[in-house]
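Excluded from the calculations below are hydrogen atoms, water molecules and symmetry mates; all remaining heavy atoms, backbone and side chain alike, are included.
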Amino acid sequence: MVIRHNMLAVNAGRQVGIVSRSKADSMEKLSSGYRINRAADDAAGLAISETMRRQIRGLKQGVKNTQEGVSVCQVADGALTEVSDMIQRISELSVKAANGTNTDEDRAYIQQEVGQLITEIDRIAETTTFNEIRLFDGLESFGGGTINMSKPSTDGKFFQLFGADISKTGYMQEALTYTMVDKSTSVLDTDPAANPYVSVHINMGVLNKLEDLVDSTFFVNCCTDCCPTTVMFTDAVGITTGPGKIEIGMKKADGTYFDNATVFNEYIVNSLMGKDPDHVKFAYKGNMLYIYDIDNHSWDQDQKEAAYFCDSKEIFGSFEDAGKKIWIHTGCEPGEGIWLEIGNMSAQGLGIKHLNVSSVNGAGAAMEVSKEALRKVMKTRSRIGAQQNRLEHTIANEDNIVENLSAAESRIRDTDIATEMVTFANTNILEQAGTSMLAQANQQSDYILQLLQ
């Protein structure tokens with residue numbers, strides 16, 4: 001027996017300490033509901049759980065985003081319901097105006113209603129909004145996401161080579177008349193009163209070496225057609241054309257590269273003379289190369305801005321379908337989402353802007369035009385409805401993913417109360433037993449005192 005070291009008490013005290021810490025840990029898990037309250041509880045489990053939490057929270061927000069997308073579709077479809085009804089009425093009025101029992105005055109009255117309906121269609125296209133975002137206003141851009149109106153990119157190799165010596169507007173809208181060129185691939189209108197052609201001007205003479213054009217590409221599109229033409233400069237001899245494509249070889253027949261801009265321009269125009277590569281034409285005067293639209297109508301601004309000259313084909317879409325493309329971010333990772341294509345439901349886009357039923361012939365033409373306009377509206381409504389159904393399936397799928405991820409995260413992070421209560425009861429009993437043993441161990445000193453009496 002010793003006095004200095006009561007090893008029984010030391011051992012009992014150590015055991016009581018271990019059990020007390022275990023009991024405190026168990027109480028923390030029971031009171032918080034989490035098995036992992038700090039990284040030390042389960043370092044790997046915490047990392048996995050936090051990754052899952054990020055995904056769960058992102059998907060929950062994605063579901064909210066998708067629900068807003070559904071609302072956009074509902075707003076758009078509601079507006080198109082009215083547009084559809086008005087076009088049906090225009091068709092009905094066209095049939096009425098075509099009847100021979102009507103006088104010119106009667107048709108003038110009918111035309112008044114037709115005109116008002118067309119104006120209302122334009123008003124709906126201009127004022128239908130979601131969160132102050134206009135949905136049907138023709139070709140106006142929205143957040144970089146449109147079919148036909150976001151600023152075309154002019155940063156590619158072709159544009160870098162020419163810099164300021166190229167019409168770097170992104171659009172073919174510089175004026176071109178027959179007096180400006182030596183030769184063109186189509187016959188230009190020589191009427192002094194004619195509208196100018198829309199074009200792009202390129203000073204080919206600024207290049208020190210024309211062979212630098214090899215492997216460069218640009219894209220052009222005429223004013224009204226959905227026909228983007230790819231123009232490629234290749235390390236070959238001759239010029240080849242195909243659907244939507246022109247390949248311009250940079251070598252002469254002897255295998256050497258062109259080294260004179262005027263000769264090169266003439267070579268391009270002569271090779272494409274009389275051909276119609278998707279309505280895009282070429283002309284030149286000395287070192288200046290012109291790319292122009294074959295038609296010289298009095299284009300409105302929307303149509304001019306559909307005549308692209310850029311380095312990305314992704315910008316192109318049909319004039320008929322031009323309009324909003326709204327990105328709905330449905331997931332929790334970059335790029336996980338859906339483009340909502342709304343469409344261009346203006347009177348211009350529907351082709352009914354200048355509809356006139358003041359004559360029998362005009363009424364007959366209006367029947368065909370209104371029929372085609374209704375087809376466009378139904379095509380758009382069908383697309384919007386399909387997109388809405390898709391979004392609703394996306395919501396259901398992501399709700400399911402969130403549920404299963406939450407269950408997996410719960411198994412990692414949450415406390416199993418039943419199991420933990422067993423642990424807590426066990427440590428509670430052990431703590432009481434240890435305390436009792438510690439008290440008895442401390443009584444050993446009394447035995448020593450008995451020996452000293």
Side-chain angles (χ1 to χ4, degrees), residues 152-172 174 176-188 197-222 225 227-294 307-316:
S153 169
T154 51
D155 298 325
K157 178 182 176 181
F158 182 84
F159 295 87
Q160 291 176 357
L161 287 171
F162 290 97
D165 294 289
I166 192 172
S167 301
K168 204 171 182 181
T169 63
Y171 306 113
M172 290 199 300
E174 281 77 15
L176 173 69
T177 63
Y178 75 98
T179 60
M180 297 169 60
V181 303
D182 291 334
K183 188 181 288 187
S184 58
T185 55
S186 69
V187 178
L188 299 179
Y197 297 84
V198 290
S199 69
V200 169
H201 307 171
I202 308 170
N203 184 2
M204 303 295 287
V206 301
L207 295 184
N208 294 325
K209 294 191 301 180
L210 288 172
E211 64 186 87
D212 289 341
L213 285 170
V214 172
D215 294 330
S216 66
T217 302
F218 64 84
F219 300 90
V220 287
N221 191 53
C222 60
D225 290 337
C227 51
T229 298
T230 306
V231 180
M232 302 175 62
F233 295 89
T234 66
D235 192 22
V237 177
I239 296 179
T240 60
T241 62
K245 191 173 187 179
I246 302 173
E247 294 186 0
I248 301 175
M250 297 303 303
K251 289 182 177 178
K252 294 182 283 189
D254 61 3
T256 61
Y257 290 101
F258 282 94
D259 55 7
N260 182 283
T262 300
V263 173
F264 181 61
N265 289 343
E266 185 177 14
Y267 152 71
I268 292 175
V269 172
N270 287 339
S271 299
L272 296 174
M273 187 74 71
K275 297 180 181 179
D276 183 16
D278 292 329
H279 297 195
V280 177
K281 295 296 185 177
F282 292 79
Y284 82 97
K285 185 179 183 68
N287 290 344
M288 191 68 72
L289 182 68
Y290 301 91
I291 304 171
Y292 65 95
D293 191 296
I294 191 172
Y308 286 133
F309 170 63
C310 59
D311 58 22
S312 174
K313 194 173 183 178
E314 302 305 318
I315 199 72
F316 294 103

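Taking 4.5 Å as the limit, some side-chain heavy atom of F233 sits within range of a side-chain heavy atom of F218. Side chains of D182 and E266 form no contact here, defined as non-hydrogen atoms less than 4.5 Å apart. Annotation: side chain of F158 is in contact with side chain of L213 (closest heavy-atom distance under 4.5 Å). With a 4.5 Å cut-off on side-chain heavy atoms, K183 and M273 count as touching. F162 places a side-chain heavy atom less than 4.5 Å from the side chain of V206. The shortest side-chain heavy-atom distance between D235 and K251 falls under the 4.5 Å cut-off. Between V181 and L188 there is a side-chain heavy-atom pair separated by less than 4.5 Å. Between D259 and Y257, the closest side-chain pair of non-hydrogen atoms is not below 4.5 Å.
Taking both residues in full, the closest heavy atoms of F264 and L210 are given as CB-CD1, 3.8 Å, listed atom of the first, atom of the second, then distance. Contact record, L161 with L207: O-CD2, 3.7 Å, taken as the closest heavy-atom pair. When all heavy atoms of N287 and A261 are compared, the closest pair comes out as OD1-CB, 3.4 Å. Across all their heavy atoms, Y267 and I248 have their closest contact at CE2-CG2, 4.2 Å. Contact record, I239 with S271: CD1-CB, 3.5 Å, taken as the closest heavy-atom pair. Closest non-hydrogen pair, Y290 versus K285, comes out as CE1-N, 4.0 Å.
Side-chain contact check for Y292 and S186: at least one donor-acceptor pair (N or O, by modelled atom type) lies under 3.5 Å.
Of the possible polar contacts, one joining the N265 side chain to the G286 backbone as a donor-acceptor pair under 3.5 Å is found. Panel note: side chain T241, backbone I246; no donor-acceptor pair is recorded below 3.5 Å. In terms of modelled atom types and a separation under 3.5 Å, the side chain of K281 and the main chain of V187 share no donor-acceptor contact. Checking side-chain atoms of T185 against main-chain N and O of F282 turns up a donor-acceptor pair under 3.5 Å.
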